[in-house]
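All values below were derived from every heavy atom in this structure, side-chain atoms included, with hydrogens, water molecules and symmetry-related copies excluded.
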Amino acid sequence: MKRCSLLTAFILLLIFNSAPATAQDFNENNDRWLKGWTDFAPNNTGYPEAEEKLPNIISNHTYLRNDIVYSISGNVYVTNGASLTIQEGTIIRCDYENPANLIITKGSKLIAAGSKAYPIVFTSSKASRSRNSGDWGGIIIAGSGKVNTVSGSGIIEGSFDPVYSVYGGNQIDEETTILRYVRIEFSGNVSKNGIGSNGLSLYGIGTSSIIEDIMVSYSGNDSYNIRGGKNNISKLISFKAQGDDYQISEGFKGNLNNVLAIRHPYINSPQGSHAIKLDGFNVDTGLLKPGAVTDVTITNANLINLSDKTNYQHTTAAISASNSAITYIHNSKISGFSDVVKFDQSYTSLAIIQKAFMMDNSFFNIHGKGIDSNNQTINGTLDILKYNRFTEKFVSVNDLFRDPNSIIAPKFQLKRSLNNYMVMQ
């Protein structure tokens, strides 16, 4: 498939030597944070059988020790302002027959502070080599932070007890949760009505929350679902999700730093999946005010679809932006997708697009036009990709990166030096 109109009259192709001196060296070894706690082949990992089952209502402060393997089945609610604290190295086996969900209700707290040597693992109750995407539900955390809905609150998506499903409020600086070095495997169960859980759902989280070094692998739905709230989150991994890797909506404000999304062209939802899906507000619940739409800065991201010239036709845009969402992409790589970004009908002019989307000091390798807009009358949209490097023709993943399929720690450093790639100006 030929690249369409990427090389237009207003684009000057220059070698890297003419780019700004501050440009990132994409061959830099910046993946060290992945080592020691991740698992890119979780179906091969053997886990001990569960010894103790958690109750479905946890209303008192509870501590889980790492010398006991726990199980959860069905919906497990942490309520009444209780804290569920999990020791580093603890394993929680999650039921697939009665798909498990762990729901931290508004006012309660999950403290899951693993370590690089001893991460906390939530995984399927199935034996190794028999686990599948969507074996169980996921982890759902409801906070009291700001949410851009008409009511300032919302109801957790899914078939949950309405008494425990409210989120949102005015506690902007709430410490909603502490999550460090946590792996969530084979989650994202989808119910018969099409509504399902995601790997990690964060609803209205506060600024004092700590969320870093989290890996969601083989989710049957979205890996991360972030709705409202405000926080700076770092070191996130989404590995081979069927849904979107990162879905961000309802006025979330914050930064995502060191973000990795690894997709496969044959693993998608029926409607198509994106590495980043941004929604300015929820059209079903309305918005409190236009200035409070989703606004996120994404830095040091690798958004990778493991596609090659035989299967790239199954890919979508890396980023989907809808309902006036705002984003800034910096120091990042996008590869293997059809386009960099797709805009919906809410972006009605080039001026609006330029205010809502910015990307610089980054690199992309795509097989489409670069920009996909629902409004075909807008001209000059490629202008927003200025000052980024790109491949003149689509390059297959194994030809572009050093070791993208490693089961230890995939490496997405470019094989060739940057002066082999073009700069859009």
Side-chain angles (χ1 to χ4, degrees), residues 33-55 58 61-73 75-78 82-96 99-104 108-126 128 131 135-143 175-188 197-202 205 209-219 223-226 231 233-239 241 258 260 409:
W33 64 273
L34 298 174
K35 298 177 181 178
W37 64 278
T38 55
D39 188 348
F40 289 92
N43 215 348
N44 296 331
T45 302
Y47 294 109
E49 292 297 320
E51 302 164 275
E52 184 175 319
K53 183 180 178 181
L54 296 183
I58 299 173
H61 297 316
T62 301
Y63 184 81
L64 305 186
R65 299 162 20 197
N66 62 14
D67 60 346
I68 298 174
V69 178
Y70 298 90
S71 70
I72 58 176
S73 180
N75 295 330
V76 174
Y77 298 93
V78 180
S83 293
L84 176 62
T85 303
I86 305 176
Q87 187 180 18
E88 63 176 3
T90 302
I91 298 169
I92 297 97
R93 304 297 299 271
C94 303
D95 192 6
Y96 71 93
N101 286 285
L102 177 61
I103 303 103
I104 313 300
S108 300
K109 186 183 295 186
L110 173 62
I111 303 173
S115 65
K116 195 163 195 173
Y118 301 102
I120 293 166
V121 181
F122 291 82
T123 193
S124 169
S125 58
K126 289 182 180 178
S128 59
R131 303 168 190 142
D135 274 350
W136 61 285
I139 300 173
I140 300 161
I141 301 174
E175 186 182 82
T176 314
T177 188
I178 297 174
L179 300 176
R180 286 195 180 107
Y181 292 106
V182 176
R183 296 205 312 261
I184 303 169
E185 302 169 351
F186 305 102
S187 56
S197 301
N198 303 291
L200 177 61
S201 296
L202 303 170
I205 58 172
S209 302
I210 298 172
I211 303 160
E212 58 188 22
D213 294 289
I214 312 295
M215 180 177 191
V216 179
S217 54
Y218 292 101
S219 174
S223 287
Y224 298 85
N225 181 15
I226 305 173
N231 198 263
I233 306 173
S234 66
K235 299 177 182 176
L236 303 180
I237 305 167
S238 171
F239 184 60
N258 283 319
L260 176 60

(message) If we count only N and O atoms by modelled type, under 3.5 Å, do the side chains of D39 and T45 hold a donor and an acceptor together?
(response) yes
(message) Show the nearest heavy-atom pair for residues Y224 and I214, with the distance to one decimal.
(response) OH-O, 2.9 Å
(request) Answer whether the closest heavy-atom distance between the side chains of S73 and K53 falls below 4.5 Å. (result) yes
(request) Check for a donor-acceptor pair, side chain of D135 on one end and backbone N or O of S124 on the other, with a separation under 3.5 Å. (result) no
(message) I'd like to know whether F122 forms a side chain to side chain contact (heavy atoms under 4.5 Å, CB included) with I86, so could you lay out the CA-CA distance, the side-chain angles of the two residues, the decisive distance to 0.1 Å, and finally the verdict.
(response) CA-CA 11 Å; F122 291 82; I86 305 176; 3.7 Å; yes
(message) Assess whether a salt bridge exists between E212 and K235, defined as any Lys/Arg side-chain N lying under 4.0 Å from an Asp/Glu carboxylate O.
(response) no
(message) With a 3.5 Å distance limit and no angle check, can you tell me whether Y70 reaches the backbone of R65 through a side-chain donor-acceptor pair?
(response) yes
(request) Start with the C-alpha distance between N44 and S128, add both sets of side-chain angles, then the distance that settles side-chain hydrogen bond (donor to acceptor under 3.5 Å, both in side chains), and finish with yes or no. (result) CA-CA 5 Å; N44 296 331; S128 59; over 6 Å; no
Give every donor-acceptor pair under 3.5 Å between a side-chain atom in residues 108-121 and any protein atom, sequence neighbours left out.
{"from": "S108", "atom 1": "OG", "to": "V78", "atom 2": "O", "distance (Å)": "3.2"}
{"from": "S108", "atom 1": "OG", "to": "T79", "atom 2": "O", "distance (Å)": "3.4"}
{"from": "S108", "atom 1": "OG", "to": "G81", "atom 2": "N", "distance (Å)": "3.2"}
{"from": "S108", "atom 1": "OG", "to": "A82", "atom 2": "N", "distance (Å)": "3.4"}
{"from": "S108", "atom 1": "OG", "to": "T105", "atom 2": "OG1", "distance (Å)": "3.4"}
{"from": "K109", "atom 1": "NZ", "to": "E175", "atom 2": "OE1", "distance (Å)": "2.8"}
{"from": "S115", "atom 1": "OG", "to": "E88", "atom 2": "OE1", "distance (Å)": "2.8"}
{"from": "S115", "atom 1": "OG", "to": "Y118", "atom 2": "N", "distance (Å)": "3.0"}
{"from": "K116", "atom 1": "NZ", "to": "K35", "atom 2": "O", "distance (Å)": "3.4"}

(message) Any heavy-atom pair between the side chains of Y96 and R131 that's under 4.5 Å?
(response) no
(message) Using side-chain heavy atoms (C-beta onward) and a distance below 4.5 Å, is L64 in contact with T62?
(response) yes
(request) Check step by step if side chain to side chain contact (heavy atoms under 4.5 Å, CB included) holds for I210 and R180. (result) CA-CA 7 Å; I210 298 172; R180 286 195 180 107; 3.5 Å; yes
(request) Go through the steps for T176 and I141 under the test side chain to side chain contact (heavy atoms under 4.5 Å, CB included), then give the verdict. (result) CA-CA 8 Å; T176 314; I141 301 174; 3.8 Å; yes
(message) Distance check, rounded to the nearest 0.5 Å: I139 atom CD1 versus T177 atom OG1?
(response) 8.5 Å
(request) Over all heavy atoms of both residues, which pair between A241 and S223 is shortest? Give the atoms and the distance, please. (result) CB-OG, 3.3 Å
(request) Mind listing the closest non-hydrogen atom pair of G199 and S219 along with its distance? (result) N-OG, 4.0 Å
(request) For the residue pair L102 and L84, establish whether any side-chain heavy-atom pair is separated by less than 4.5 Å. (result) yes
(message) Looking at N66, is its backbone amide N or carbonyl O close enough to the side chain of Q87 to form a donor-acceptor pair, meaning the two atoms are under 3.5 Å apart?
(response) yes
(message) Going by side chain to side chain contact (heavy atoms under 4.5 Å, CB included), I237 matches just one of L260, V216, N258. Which one?
(response) L260
(message) With rounding to the nearest 0.5 angstrom, report the CD to CD1 distance, E51 to I91.
(response) 9.5 Å
(message) Can you tell me how far apart CG (D95) and CG (N101) are? Round to the nearest 0.5 Å.
(response) 11.0 Å
(request) Look up atom OG1 in T38 and atom OH in Y181, then write down how far apart they are to the nearest 0.5 Å. (result) 10.5 Å
(message) Working to the nearest 0.5 angstrom, can you tell me the gap between W136 CH2 and F186 CZ?
(response) 11.5 Å
(message) With heavy-atom distances below 4.5 Å as the criterion, would you say the side chains of S217 and F40 are in contact?
(response) no
(message) If you compare all heavy atoms of A100 against all heavy atoms of I72, which two are closest, and at what distance to 0.1 Å?
(response) CB-O, 3.3 Å
(request) Examine distances only and state if a side-chain atom of R93 and a backbone atom of K126 form a donor-acceptor pair shorter than 3.5 Å. (result) yes
(request) Please name the pair of heavy atoms, one in I233 and one in I211, separated by the smallest distance, quoted to 0.1 Å. (result) CG2-O, 3.3 Å
(message) Working note: D213 + W33, criterion side chain to side chain contact (heavy atoms under 4.5 Å, CB included); need CA distance, chi angles, decisive distance, verdict.
(response) CA-CA 8 Å; D213 294 289; W33 64 273; 4.0 Å; yes
(request) Starting at OG of S125, measure out to CD1 of I92 and round the result to the nearest 0.5 Å. (result) 13.0 Å
